[in-house]
Amino acid sequence: MKALVLEKQLELSLRDIDLPTIIGPDDVKIKMHTVGICGSDIHYYEHGKIGQWEVKSPMVLGHEGAGTVIEVGENEKILSVGDRVCIEPQVVDKKSKEYKLGLYNYDQKVKFWATPPIHGCLTPEVVFPGDMVFKIPDHLSFAEGAMVEPLAVGMQGATKAKIIPGQIGLVMGCGPIGLVTGLAALAGGCSKVYIADVLAEKLKMCDHYPDLIPVDLTKENLSEKIMDDTGSWGVDRFFECSGAVKAYESIFTCCSPGAHVVLIGNNAEPVPMNWAILFAKGLEYHTVHRYSHQYEPSIRLLSSGKIDVKPMITHTFKFDESVEAFERASEHRPTDVKLQIKIDEEK
Ligand SMILES: [Zn+2]
């Protein structure tokens, strides 16, 4: 089947490759419609690896996918042919202790799409276990369906933050994950969420979201602004989504006593920690690695309109333009938020 294949670092081709086509009793086959390009796809393209995961053989990219069910296995009871769906891109081992405890995102044996050596979904048809495939309602587009994957990361962050209604949040980094985290924190009860970045073009996205308050770090002093606005209290919930070491400093200058700090941005370098402030303020730390059980709540929030991801989809490419799409993504234009590839041109 034709697919977008990462041959090795910096080498992509749209070519035929052997992929599973026969479904097992618990599987469904999906005709892919739209696939979003994730930061991790771009990172594998640019660097050939992320942490412990290294591209050692050709791999199909893409893990943010939505499409239509075209075949169901004999054990499948919920999905039927014709259902519009999005796919949680991890195949879990139901015998694992992590799975039994609801922590399947920490199971090292999880097979996650487009994480070496597992092929992703930038291809016209995929076979996948039915229990990780979720229906989307007719009024959501496939493009929105493909946004459930990054949204699930933000939802995991908001869930870990244990938000109390009315609290004030701060997100560091106004990329796609920062934005979905801010939106999930608002949906989870924050009254407003500051979102800080060094690129004014990225912060422009806040024009679409009145309760996301942009802070341009090149023009404003973040902690002064936060302390002025909160009567010197600080933010109750802090989300690190930038991956920048410098962003961690704001934990100690912007958080209120008892604040929860959620670390989502991937950081390769060791980060200095001010333990004295952490102790004195009683900060609680949480980390996010992918997500578990976030697809259904994410779809409900998109369905109800409480979260709107449409403004974030800034450009859509055709499947034939997949290589160009990745070249464009690796330009890292600050005005490109989410680039998607539309595989099925019929709809
Ligand atoms: Zn992703």
Side-chain angles (χ1 to χ4, degrees), residues 4 6 32-47 49-51 53 55 59-67 85-92 104-106 110-116 118-123 126 128 132-134 136 142-159 171 173-184 239-243 262-267 287-295 297-299 302 307 309 312-317 322 325-326 328-330 332 336-343:
L4 182 72
L6 177 61
M32 297 305 295
H33 185 285
T34 297
V35 177
I37 299 179
C38 180
S40 70
D41 294 312
I42 306 165
H43 202 91
Y44 283 122
Y45 169 55
E46 292 178 337
H47 304 280
K49 61 178 177 182
I50 298 179
W53 292 285
V55 181
M59 177 180 80
V60 177
L61 288 171
H63 63 253
E64 303 178 355
V85 293
C86 57
I87 306 121
E88 178 172 340
Q90 37 193 349
V91 180
V92 298
Y104 59 84
N105 50 320
Y106 298 115
V110 154
K111 295 190 178 87
F112 199 94
W113 265 350
T115 301
I118 309 299
H119 289 307
C121 63
L122 266 162
T123 186
V126 298
F128 212 70
M132 295 307 246
V133 175
F134 298 88
I136 54 171
F142 288 112
E144 289 168 280
M147 285 297 290
V148 173
E149 200 280 334
L151 176 56
V153 178
M155 291 285 288
Q156 184 86 355
T159 305
V171 173
C174 193
I177 292 298
L179 287 164
V180 292
T181 300
L183 297 179
F239 302 90
E240 203 310 285
C241 298
S242 72
V262 185
L263 307 175
I264 304 174
N266 231 319
N267 206 309
T287 54
V288 167
H289 172 63
R290 299 173 180 157
Y291 41 76
S292 57
H293 305 292
Q294 295 296 354
Y295 262 57
S298 299
I299 293 167
L302 290 177
I307 291 181
V309 289
M312 296 171 56
I313 304 164
T314 47
H315 201 90
T316 305
F317 292 82
S322 292
F326 270 80
R328 162 78 169 260
S330 64
H332 299 280
D336 285 345
V337 181
K338 176 58 70 180
L339 305 180
Q340 289 186 330
I341 296 173
K342 194 173 162 192
I343 297 180

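As the structure lists them, so they are numbered: ligands from 1, and atoms in each ligand from 1. Note that these values count all heavy atoms, side chains included, but never hydrogens, waters or copies made by symmetry.
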Q) Between Tyr295 and Phe134, how do the two ring planes meet: parallel, tilted or perpendicular, split at 30° and 60°? A)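 Answer is tilted, since the angle falls between 30° and 60°.
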Q: Give me the ring orientation class for Tyr104 and His293: parallel if the planes are under 30° apart, tilted from 30 to 60°, perpendicular past 60°.
A: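 The rings of Tyr104 and His293 stand perpendicular, inter-plane angle above 60°.
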Q) Looking at Glu149, which of its N, O or S atoms is the nearest one to the Zn ion (ligand 1)? A)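 Considering only N, O and S atoms, Glu149 comes nearest to the Zn ion (ligand 1) through OE1.
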Q: For the Zn ion (ligand 1), find the closest N/O/S atom belonging to Glu64 and write down its atom name.
A: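 Nearest N/O/S atom: OE2.
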Q) Does any N, O or S atom of Asp41, backbone or side chain, fall under 2.8 Å from the Zn ion (ligand 1)? A)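 No, outside the cut-off.
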Q) For Phe317, is the NZ or CZ atom of Arg328 found under 6.0 angstrom from the centre of its six-membered ring and inside 45 degrees of the ring axis? A)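 Judged by the rule (NZ or CZ under 6.0 Å from the ring centre, within 45° of its axis), Arg328 is not positioned above Phe317.
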Q) So, Glu149 versus Tyr291: side-chain donor-acceptor pair below 3.5 Å or not? A)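 Tyr291 and Glu149 do have a side-chain donor-acceptor pair below 3.5 Å.
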